[in-house]
J.: 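If you scroll down you'll find the structure; I have some questions about it.
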Amino acid sequence: MNKNPFITKGLLEKYGPERVLDTPITEAGFTGIGVGAAYHGLKPVVEFMTFNFSMQAIDHIINSAAKTNYMSAGQISVPIVFRGPNGAAAGVGAQHSQCYAAWYGSCPGLKVLAPYSSEDARGLLKAAIRDPDPVVFLENELLYGESFPVSAEVLDSSFTAPIGKAKIEREGKDVTITAFSKMVGYALKAAEVLSKEGISAEVINLRSIRPLDRATINASVRKTNRLVTVEEGFPQHGVGAEICTSVVEESFGYLDAPVERIAGADIPMPYAANLERMAVPQVEDIVRAAKRACYRAVPLAATG
């Protein structure tokens, strides 16, 4: 079910109108149809023009798709993928700029993936379609136009990326930075800046929000003894908060500094470009947080 021709260009011609459906913009309708089709053994891929519109269909996603396998005692599986752009784009206002990673990541029965690179997008989407459970696949509109190096292994038709496994994009020894989606690129740029100042940052691309790869995160923190979490979404009840809890529960004795959380501002997204930039994390925010964690800058609490 296709609402974004930029991404699905050519699929209709290749697979025909029985497999590729250009539906009216009625999210509750086409999502409900998709979930019903999954009940009967098909593997629908439902696309939202933006994940903000998934709120029109959230009852189908959570009450119908996520809970049915449990409520049927495993008799009904729901192999469906919900995909589309997530988070802030540019100049689209508060109602079209929300990050749904924490929203859907809190719901049992769903798997939630957030690709960063071309490798992630190809490998994780194939894994999501093959998975027997409902998967929320959170892309980023601003990454659609970016290019990434792709290896021969990734181009192989058998390549998939494992669900629930993070990827260490850059190894380091002084501070761990976790991020997902577009923020991975920001974290890598921040790590480059930090390296010029003698700070070795390890950057973890989460890729999977639910299940969360707690083992990789905690292993990294036990090595670096410091943690900075980065996300575009709201700070309260966010992905970073869950990561912080996991590290406090499992690796508290290894921490040499307070955990730093970088998130979007706790406000609806402004429309004005200058205010919009201030409302989402920037590379310099990550750099400052990492310096605070490494005691290269004054902690925020000391300035209050």
Side-chain angles (χ1 to χ4, degrees), residues 1-66 78-90 92 95-101 103-105 107 109-146 160-161 163 180-182 207-210 232:
M1 293 168 186
N2 163 34
K3 294 313 316 162
N4 192 332
F6 179 75
I7 298 302
T8 52
K9 183 178 180 180
L11 289 185
L12 177 61
E13 291 76 12
K14 184 175 182 179
Y15 295 108
E18 289 190 356
R19 293 188 64 186
V20 181
L21 307 178
D22 187 7
T23 67
I25 303 178
T26 51
E27 286 79 14
F30 63 67
T31 304
I33 291 170
V35 174
Y39 284 177
H40 285 271
L42 297 180
K43 292 195 170 187
V45 178
V46 174
E47 178 178 69
F48 299 110
M49 192 181 297
T50 159
F51 250 94
N52 296 271
F53 299 161
S54 74
M55 294 183 72
Q56 299 290 331
I58 202 166
D59 181 55
H60 293 300
I61 297 170
I62 292 179
N63 281 329
S64 299
V78 190
I80 189 170
V81 178
F82 306 101
R83 57 159 294 272
N86 174 67
V92 293
Q95 294 170 319
H96 298 79
S97 299
Q98 294 164 117
C99 175
Y100 286 89
W103 290 59
Y104 289 119
C107 183
L110 292 178
K111 294 175 181 175
V112 181
L113 307 179
Y116 161 62
S117 64
S118 298
E119 175 185 326
D120 292 348
R122 178 175 170 83
L124 290 174
L125 185 57
K126 287 176 66 176
I129 293 171
R130 295 177 183 184
D131 198 90
D133 297 313
V135 179
V136 172
F137 199 81
L138 303 174
E139 300 162 11
N140 186 283
E141 187 173 339
L142 297 179
L143 288 177
Y144 287 158
E146 287 201 23
T160 59
I163 293 175
F180 60 93
S181 191
K182 183 169 178 262
R207 300 205 289 191
S208 181
I209 306 301
R210 184 183 185 105
E232 262 191 42

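Any value given below was found using the heavy atoms of this structure, including those in side chains, with hydrogens, waters and symmetry copies removed. Just so we're clear, the structure is a prediction, and the values are computed from it rather than from any experiment.
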J.: Roughly how far, to the nearest 0.5 Å, is CG of Leu21 from CZ of Phe30?
T.: 11.0 Å
J.: Do you know the tightest heavy-atom contact between Glu139 and Pro115?
T.: CG-CG, 4.4 Å
J.: Measure across Val92 and Ser97 and return the closest heavy-atom pair with its distance rounded to 0.1 Å.
T.: CG2-OG, 3.4 Å
J.: To the nearest 0.5 Å, what is the distance between CD (Glu146) and NZ (Lys182)?
T.: 8.0 Å
J.: side-chain contact (heavy atoms from CB on, under 4.5 Å) for Phe180 and Ile209? Distances and angles first, verdict last.
T.: CA-CA 8 Å; Phe180 60 93; Ile209 306 301; 3.7 Å; yes
J.: Ring pair (Phe, Tyr, Trp, His ring centres under 6.0 Å) with Phe82: which residues, sequence neighbours excluded?
T.: none
J.: Quick one: does any side-chain atom of His96 pair with a main-chain N or O of Asn52 as donor and acceptor, under 3.5 Å?
T.: no
J.: Which distance, rounded to the nearest 0.5 Å, do you find between the CD1 of Ile62 and the CH2 of Trp103?
T.: 9.0 Å
J.: Counting distance only, does the side-chain N/O of Asp131 pair as donor-acceptor with the main-chain N or O of Ala128 below 3.5 Å?
T.: no
J.: Could you tell me the separation between the OG1 atom of Thr31 and the CD atom of Glu47, rounded to the nearest 0.5 Å?
T.: 11.5 Å
J.: To the nearest 0.5 Å, how far apart are CG in Leu143 and CG in Asn86?
T.: 11.0 Å
J.: Holding to ring pair (Phe, Tyr, Trp, His ring centres under 6.0 Å), I want the full list of residues that pass it with Phe137, two or more places apart in sequence or in another chain.
T.: none
J.: Checking the side chain of Ser117 only, and the main-chain atoms of Asp120 only, is there a donor and an acceptor separated by less than 3.5 Å?
T.: yes
J.: Closest approach of Leu113 and Ser208, non-hydrogen atoms and distance?
T.: CD2-OG, 3.7 Å
J.: Anything under 30° is parallel, anything over 60° is perpendicular, the rest tilted; go ahead and classify Phe51 against Tyr104.
T.: perpendicular
J.: Check whether any side-chain heavy atom of Glu119 lies under 4.5 Å from a side-chain heavy atom of Arg207, and answer yes or no.
T.: yes
J.: Taking all non-hydrogen atoms of both residues, which atom of Ala65 and which atom of Val78 are closest, and how far apart?
T.: O-CG2, 3.7 Å
J.: Please report the closest heavy-atom contact between Ala38 and Ile80, naming both atoms and the distance.
T.: CB-CB, 4.1 Å
J.: Taking Ala88's backbone N and O only, do any of them form a donor-acceptor pair with Glu232's side chain (distance below 3.5 Å, no angle check)?
T.: yes
J.: Which atoms form the tightest heavy-atom contact between Leu142 and Ala89, and what is the distance?
T.: CD1-O, 3.4 Å
J.: Just so I know, are the side chains of Glu141 and Thr50 near enough to count as touching, which here means a heavy-atom distance under 4.5 Å?
T.: no
J.: Let me confirm one number: the NZ-CG distance from Lys126 to Leu124, rounded to the nearest 0.5 Å.
T.: 11.5 Å
J.: Do Ile61 and Phe48 touch side chain to side chain, with heavy atoms closer than 4.5 Å?
T.: yes
